[in-house]
Structure formats: C-alpha cells, structure tokens
Amino acid sequence: MPNILTPVLMVTSRVTRISDSLIYSRKVLAIQPGKNRPILEVALHGGGGARTISRYALEALGRLDMDYSILKAIATRSRAEQLIRAEAVAKAVKDGKPKLRFPRERPDQIWPVLPKNRQFPIGVGTGMHHLRVLNQHILNRFQDLAEPLVARATTLTLPHRPTDPERVSKAEMDRRKAEREAGSDIPLRGKGTAFPEPASITAAVKAAGFTKLRLVCLWYRDETRLRMLTTLAKTYNLDNKGLDPRDGQEIDLYGGTITAVFHFMGDFLTHGSPSGRTKALKPADAALDASGGVLVGAWCETHIPTADDAPGLKPAELEDIDAKPQTKTILAGRDIASQYVLGKNAQGVIQPKAPDHPTEMALLDLYRSLGIIDDRIANALRPEPRHALYGPDRIAHVGFHIRQQNKRKGERTSPKIVVTATALVPPAKRGDVWQLRGWSSAVPRWQPYRSAQNQFHANQYPQEAGGKKSYRHRWDDIGAVIERALEDLVEELDGRPYVVTVDEDSARRIWDGLQNSKQSSHPGTGKNKYWLPGYSLQEDERPDAIIRVNIADDRVPPPVAYTRVLSTRDGEKEGETTNALYEIETDFGTPVWLLCNVPRNYDGGNSGRLGAKYTRWDAKRAVISENREDRRKSEMPEPWYTMTATEIFPIALNDRVSHEALAFATAQLCHQTMYWSGRARYPVALHAAIQMDEDHPQYRRTAQSADEEPDIDEQE
DNA sequence: TAATCCTCCGCGGGACGTAC
DNA sequence: GTACGTCCCGCGGAGGATTA
C-alpha cells in the first residue's frame with residue numbers, strides 16, 4: 001500500500017492440496033516436532049519422479065534449531081516411492097503403460113504439495129467466512145500491537161449498465177404488480193442485455209467514417225452456421241423462421257446499415273499447413289471487399305486441433321497446424337477484424353444451451369474488435385456534481401499494457417516484450433460518440449483501435465533490437481518508446497488533457513515513481529531512467545495524472561466485511577459483501593482507493609455462495625435422493641470464493657487534478673466495460689489494450705509439460 | 001580471473017472452476 | 001465465446017559461491 005509509514009502486515013489464507021506422492025512434488029509442508037512451532041515449507045530438488053531434498057534446504061534446516069526428523073522422513077519417503085516407481089516401470093516393460101499407485105494414508109510429518117492444478121476431490125478457495133474468522137483471530141492476537149487499515153465508503157454511485165436489470169420507479173412497480181395480479185405476465189423488472197442498440201452501432205459506424213457494417217460469417221459445420229444465424233436474428237429482432245440465406249447472399253439486419261453474409265469455408269478454416277489458405281479465401285472475396293466505405297468484420301468457426309485432424313502428430317506439433325492463428329493473420333493482413341467461435345470440443349459438436357452464451361459473447365467481442373463504442377461509456381463517466389469542474393468525462397483515458405513473454409520449453413528466441421495501448425478519446429462536442437484509438441510496439445503509431453489491432457495481429461511480436469541488453473537497459477528502452485508514443489498522442493489530442501493508467505505489477509520495473517517505496521522521494525532518485533509515464537515531456541504535454549491500478553492478490557488487501565452506520569437511529573449493521581469504492585486513510589500524501597469486487601461466481605444464480613456462513617471443515621456432503629429438490633452436490637469439490645479488490649492510486653502531475661474524481665472515473669470504467677456483462681479487473685482503456693495482446697496469433701499458451709507424470713487411476 | 005553453478009526473486013502463465 | 005478467482009510451476013535476471 002502506498003503512502004503508509006508503518007509496515008503493513010497482510011494476512012490471507014489459501015487452500016493447499018496434498019498429493020499422495022512426494023517424488024513428483026516441488027514442495028512439501030513439514031511439521032516440526034515440538035509444540036508451537038510453525039509449519040515449514042521445504043523445496044525439493046531433482047526431476048523425473050526422483051525428487052528429494054535440495055542441498056540448500058538441507059543447509060537451512062541444519063541451521064535451524066531442530067532435530068533431523070524432517071530430513072529423515074523426506075529421505076525415507078522419497079526412497080520408498082522411488083522403489084514403487086521402479087517396480088511399476090519394470091512391470092511396464094512387459095505390460096505397456098506403467099501404472100503407479102502410492103499409498104493413500106494420512107500423511108504424518110511430511111505433506112507433499114499437489115504439484116499441478118488438476119481435478120482433485122477438494123476445490124480451491126477458502127470462502128468469505130474463513131477470512132472473517134481469520135481476521136478476528138488476528139485482531140485478537142495482536143490486540144493493540146497492530147491496527148487495521150481504515151477504509152471509508154465513498155459517495156460514488158455506480159453507473160446503471162445495459163446489462164443490469166431494468167430500473168423501475170416505485171409507482172411503475174406498483175402499477176406492474178397490480179397488472180400482474182390482474183393476470184398480465186409483464187415482468188416486474190426487465191432483464192438487461194449486453195447487446196447495444198442497433199441504432200447506436202450504426203451511429204458509431206458512421207462516426208468512424210463508414211457507410212455500413214457487414215458481418216461476414218465463415219463456417220464449415222451446419223450447426224455452427226445455425227448458431228450464428230440464430231444469434232443474429234435474436235439480437236436484431238428478426239424472424240428466425242424465414243431466415244435461410246444462400247451462400248454469399250447479403251441479408252439486411254438493420255435498415256441497410258448492418259448486414260450479414262454467410263460463406264461455407266471448409267478449405268480455409270480446417271486445420272493444416274499454411275500454404276494455400278489465401279487462395280481458399282477467394283470465394284469470400286466479394287463479401288470481404290471493403291470498398292465503398294464498408295466496415296467488415298469476420299466471424300469464423302474453429303475447433304482446437306486434436307489427433308483426429310492429423311493422425312500421427314505429437315500434441316506439441318498440433319499447434320503448428322491450427323487454422324485459427326493462421327487465418328487470423330491473413331484476415332488481419334487485409335485489415336479485417338476477426339472473431340472465432342468453437343464448433344466442437346472434446347465431447348463432440350457443441351449443443352448450444354439457451355441462451356447460447358459462447359456465440360453471443362463472440363459477437364459482442366467482434367464489436368469490441370471493430371472499435372464500436374456506444375453510449376455506455378459516456379453514461380458510465382457522468383461525474384458527481386462536485387467533480388464536474390475537473391471533468392473526468394472531458395479528458396482522454398489512456399491505458400498502457402506491458403508484458404514480457406518468456407521463452408517456453410524448447411524455444412530458442414530471447415524473451416519478447418509486448419506493449420499495447422489504447423486511448424479513449426472524448427468527443428469534441430458533448431453528446432457525440434467517444435473514439436477508441438490504438439497503438440502497439442509492433443506498429444508504433446496511433447490509429448483507430450480496429451486498424452491498430454489488425455496491424456498488430458498481422459505482425460510478429462517485435463524482436464528485441466540491438467543485441468543482448470541488460471535488464472535495466474531493456475526496460476529503460478521500453479520506457480523511451482512509450483514516452484515517444486505519448487508525445488505523438490499529445491498532437492492527436494489537440495489540447496485535450498489526458499491521464500495514463502498502468503498496472504503496477506508490470507509497470508513498476510520501468511517507472512520508479514510507481515513504486516510504494518519511492519512515494520516520499522523525488523524524480524531522479526531511483527535506478528530507472530524514467531520516473532512516471534510522460535514525465536519527461538514538456539510540462540504542458542504531460543498527462544494530468546498517472547493512475548496506478550493493482551489487482552495482484554498478494555499486494556492488495558482482501559476485504560472481509562463492512563460496517564454500515566445507520567443514519568436513522570444510532571447503531572451499526574455488519575454487511576458481508578460489498579462492491580462499493582472505499583477510500584483508505586494514508587499517513588502522508590494522497591489517499592488510495594479500493595474498489596471491492598464480489599466474484600460473479602460467488603454471487604451468481606447457481607453457486608449458493610459457498611463459504612459465506614461456515615468454513616470448509618463444515619462443508620456439506622452430497623445428498624443422493626430420488627426427490628429432485630433434496631438432491632445436492634458435495635460442497636468440497638466446488639471452488640469457494642472470497643471478495644477481491646482493485647487498488648486505484650491516482651498520482652497527479654499538476655494541481656488542477658482532483659484525485660477523487662479520477663478514482664471515481666477509474667472505478668466507473670471498471671464497472672462498465674465495452675462489451676461484457678459484469679465488471680472487469682481493469683478500466684476500459686487498459687482492458688482494451690490487454691485484449692489486443694491476448695488476441696494476437698502468437699499469444700498461445702499450449703505449452704507441453706516435459707515432466708513425467710504418474711497415471712492416476714480414475715476412482716470414486 | 002573468467003566461466004559456471006546455484007538459488008532467490010519477480011513475474012509470466014497454465015490449468016481448472018464458475019458465471020453470463 | 002470472455003471474464004474472473006485460485007494456486008501452482010517455472011523462466012530468466014541478479015548475484016553469491018565454486019570451479020577451471
């Protein structure tokens with residue numbers, strides 16, 4: 001936490017699952033003999049099913065005032081398990097695949113930590129109640145040796161989102177209730193939708209300088225074509241029955257300004273080598289033609305390649321024949337935004353549920369890739385009256401995303417650094433549409449988000465120039481690139497002020513001024529070349545403020561509960577969850593804000609808020625019953641959630657700035673995303689920048705583990 | 001003295017779960 | 001399809017210790 005003088009003790013808890021084998025674990029928890037001694041975490045060494053105690057751990061344990069029972073226990077267990085393994089392997093020479101079973105007794109002194117996150121009879125997460133009990137325990141133990149951070153709720157009222165249920169006045173609600181009693185079936189509160197009004201899509205398309213939007217739907221499985229068609233019909237209020245366009249026939253979705261074309265594209269979309277794909281796209285050329293001011297978006301079918309697609313290939317090689325990155329690159333090269341939807345998975349052809357969430361979310365994300373901004377951003381940013389003077393709704397909100405992609409196993413190239421950015425630019429005239437501009441380190445110039453993303457996707461991740469650099473040198477160079485980007489942006493903005501949002505975790509290695517420990521010092525005192533984004537620019541070109549956002553679970557304190565002071569009479573009420581914005585009292589400088597989030601999984605309709613009232617030790621067993629109402633899943637395998645928080649820390653670079661106004665605006669832009677039904681962890685501009693990176697064809701995370709794993713028998 | 005080994009640490013990221 | 005939460009591994013830089 002910034003601007004706090006005393007050390008901050010952050011307490012949290014986690015569920016660690018215990019493995020039945022030690023020789024495949026990286027870590028063990030060890031119970032020390034004697035009373036009141038902490039549990040030790042001991043790292044193990046070696047690989048390939050032969051892990052044992054590391055030399056360093058040996059020394060550390062030796063130096064501790066303790067007997068050698070832990071070391072002996074680890075060594076004994078490692079030997080015993082390796083023996084079991086050797087026998088299984090020897091047997092496998094005769095019978096084929098080795099089958100490994102380790103004893104499943106309750107561990108004694110040594111508790112091996114489950115090395116991988118895989119299906120397990122116990123789910124993750126501790127639940128809210130557990131955190132509250134822990135909080136009380138800490139308060140009791142520390143008494144007045146430590147004091148909790150003081151956080152006060154702010155007056156921020158969160159924007160009403162299109163996805164929220166309809167807001168209904170009391171009079172209208174009464175009228176509807178009366179009508180329902182009279183037999184009508186109107187809903188008391190209409191359900192919200194994440195889909196924008198067709199009219200506002202058209203407005204955004206026109207504002208971007210196009211005459212119409214054409215969605216080109218490329219498919220190779222009838223079922224997928226039908227799902228796309230159904231979703232379009234639903235969101236544009238068309239009659240689904242008569243809707244059965246021929247291949248290549250352009251159908252009207254909304255007043256001639258939004259249309260769709262379907263094309264069967266078997267050769268283009270199925271897995272295989274990259275050669276011949278551009279040719280295979282030919283039949284759709286007319287539909288993809290953007291001349292005459294048409295904004296084109298491609299909506300494609302895909303599936304994850306398996307051994308069926310290319311018999312004989314190893315899992316790692318399947319990545320090379322995946323059509324998705326190949327086709328995405330081709331479409332991006334033609335300045336066409338693309339979005340994919342899975343036609344089948346391991347279970348076979350996907351049978352959509354109602355509503356068909358995957359297809360709907362895919363279509364929404366295509367709007368995002370096209371850079372369409374409707375009025376939801378302007379609605380969300382409406383400031384409190386006292387902030388109107390500074391006016392966060394009249395400034396540009398810029399987000400910079402920085403990521404290093406490390407080398408994966410078997411890769412030879414050096415780590416790559418990716419920087420993407422977006423700028424949410426206010427209209428020159430109030431009431432006009434906001435614009436989204438994009439920038440990337442691969443194509444370092446500001447353009448409409450759509451073009452910036454397409455060009456970024458058409459290019460390989462930039463390789464590091466100038467030979468091998470030191471850590472410091474590399475990040476200073478990235479800082480310089482970003483300063484130039486901001487300089488360019490200032491010209492585009494033509495005098496409108498702007499703020500820059502970055503994630504603390506990934507950005508503090510470039511900018512000293514973001515670090516907690518530097519909050520009381522001055523520019524030029526750190527090791528880094530740059531103090532804050534834009535700080536090296538001329539004074540009148542600098543951003544108004546840098547907004548530091550942090551979501552790291554080990555750096556942002558977890559909220560446990562809140563107290564509401566009742567206004568009507570003296571008294572307080574304890575609340576369990578909150579999604580409000582809180583201001584943290586600091587010892588010097590400005591305050592810092594915490595935006596509390598309730599995970600949707602915890603709050604969602606089916607979860608039943610596991611862990612709200614008791615801890616995992618009281619988890620309920622499964623109930624098997626003929627009676628449907630009595631049936632219940634076991635609670636233990638489910639995930640148990642707790643509240644999370646987003647830290648928002650505005651650092652002003654001039655004295656016009658209202659810190660609180662910027663904290664409010666940031667919270668509002670987390671609450672209202674471009675095209676998502678809930679909250680996002682990052683505000684719109686930063687989120688859109690991260691999305692650009694994650695949709696890149698080279699952003700893949702299908703790394704193969706070389707580590708040998710025991711075959712765990714399916715049982716229970 | 002330079003090269004190599006070893007471990008810590010920061011942080012990227014994979015896997016799995018739920019929600020809409 | 002995307003989003004987030006949880007919890008673990010493991011890469012690669014930094015820097016000390018060891019070896020050629």
Side-chain angles (χ1 to χ4, degrees), chain A residues 12-17 19 25-27 43 45 47 54-57 59-60 113-120 123-126 163 191-194 227 231 299 302 339-343 345 350 352-353 355-366 368 402-409 411 414-418 468-472 474-475 503 505-506 508-509 551-555 558 597-608 610 637-644 646 673-682 687 690-691 694-695 699-707:
Chain A
T12 185
S13 83
R14 53 171 34 178
V15 170
T16 296
R17 281 103 54 103
S19 165
S25 297
R26 283 263 161 208
K27 263 189 330 207
H45 208 75
S54 74
R55 218 192 56 208
Y56 184 84
E59 280 173 23
V113 171
L114 191 72
K116 287 230 172 82
N117 290 304
R118 57 156 97 97
Q119 283 184 311
F120 198 71
V124 295
T126 56
T163 36
K191 257 190 163 175
T193 167
R227 285 171 68 195
T231 300
W299 195 9
T302 187
Q339 175 65 42
Y340 290 73
V341 63
L342 276 185
N345 59 17
I350 292 171
K353 295 189 189 116
D356 183 358
H357 289 298
T359 319
E360 295 187 354
M361 289 303 169
L363 181 54
L364 285 171
D365 212 45
L366 182 55
R368 195 258 314 155
I402 302 127
R403 184 178 64 93
Q404 168 174 310
Q405 178 159 301
N406 282 340
K407 197 172 64 172
R408 292 190 302 212
K409 241 184 195 133
E411 275 181 353
S414 61
K416 303 178 188 78
I417 292 175
V418 181
K468 201 169 158 47
K469 296 175 183 172
S470 74
Y471 178 86
R472 192 62 272 135
R474 168 184 302 152
W475 291 111
D503 170 63
D505 242 6
S506 53
R508 61 167 181 251
R509 56 193 163 182
I551 62 161
D553 59 359
D554 55 346
R555 296 179 71 86
N597 305 309
V598 181
R600 66 188 323 178
N601 322 45
Y602 180 86
D603 225 8
N606 304 320
S607 61
L610 287 171
E638 308 281 312
W640 289 28
Y641 297 101
T642 48
M643 269 193 282
T644 61
T646 306
T673 63
M674 275 173 83
Y675 287 111
W676 176 243
S677 53
R679 238 180 220 184
R681 304 297 322 258
Y682 295 106
H687 185 209
I690 293 170
Q691 274 301 317
E694 291 191 347
D695 287 347
Y699 186 94
R700 299 292 306 276
R701 27 192 171 187
T702 41
Q704 293 297 313
S705 162
D707 219 1

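What you see is a predicted model, and the numbers here were worked out from it, not measured in a lab. Every chain is numbered from 1, with letters handed out A, B, ... down the list of sequences.
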How close or far is atom [atom2] of [N] from atom [atom1] of [X], stated in whole angstroms?
| X | N | atom1 | atom2 | result |
| --- | --- | --- | --- | --- |
| Met643(A) | dT6(C) | CE | C1' | 17 Å |
| Ile690(A) | dA3(C) | CD1 | P | 10 Å |
| Trp299(A) | dT2(C) | CH2 | P | 12 Å |
| Lys416(A) | dG12(C) | NZ | C1' | 14 Å |
| Tyr641(A) | dA3(C) | OH | C1' | 11 Å |
| Trp475(A) | dG10(B) | CH2 | P | 15 Å |
| Lys353(A) | dG1(C) | NZ | P | 14 Å |
| Arg17(A) | dC7(C) | CZ | P | 8 Å |

When you check the phosphate oxygens OP1 and OP2 of [N], does a side-chain N or O of [X] lie under 4.0 Å from one of them?
| X | N | answer |
| --- | --- | --- |
| Gln404(A) | dG10(B) | no |
| Arg368(A) | dT2(C) | no |
| Gln405(A) | dG13(B) | yes |
| Thr642(A) | dG5(C) | no |
| Arg600(A) | dT2(C) | no |
| Ser506(A) | dG12(B) | no |
| Thr359(A) | dG1(C) | no |
| His357(A) | dA3(C) | no |

For [X], report the nucleic acid contact type (base, sugar-phosphate, nothing); a contact means any heavy atom under 4.0 Å.
| X | answer |
| --- | --- |
| Leu364(A) | nothing |
| Thr16(A) | sugar-phosphate |
| Glu360(A) | nothing |
| Leu114(A) | sugar-phosphate |
| Gly678(A) | nothing |
| Tyr675(A) | nothing |

Are any of the side-chain heavy atoms of [X] and [Y] separated by less than 4.5 Å?
| X | Y | result |
| --- | --- | --- |
| Tyr675(A) | Asp365(A) | no |
| Arg681(A) | Ile690(A) | no |
| Tyr602(A) | Thr644(A) | no |
| Thr302(A) | Leu342(A) | yes |
| Arg17(A) | Val124(A) | yes |
| Thr126(A) | Thr642(A) | yes |

Please check: side-chain N/O of Ser677(A) versus main-chain N/O of Ala194(A), any donor-acceptor pairing under 3.5 Å? no
Residue met sooner reading DNA chain C from 5', once Val598(A) and Pro358(A) are mapped to nucleotides: Pro358(A)
Comparing nearest nucleotides in DNA chain C, the 5'-proximal residue of the pair Pro639(A), Met361(A) is Met361(A)
When you measure from the side chain of Glu638(A), which nucleotide among dG1(C), dG5(C), dT18(B) comes out closest? dT18(B)
The residue, Pro637(A) or Asp505(A), whose nearest nucleotide of DNA chain B is more 5′ is Asp505(A)
Which residue, Arg509(A) or Ser677(A), contacts DNA chain B at a nucleotide closer to its 5' end, judged by nearest heavy atom? Arg509(A)
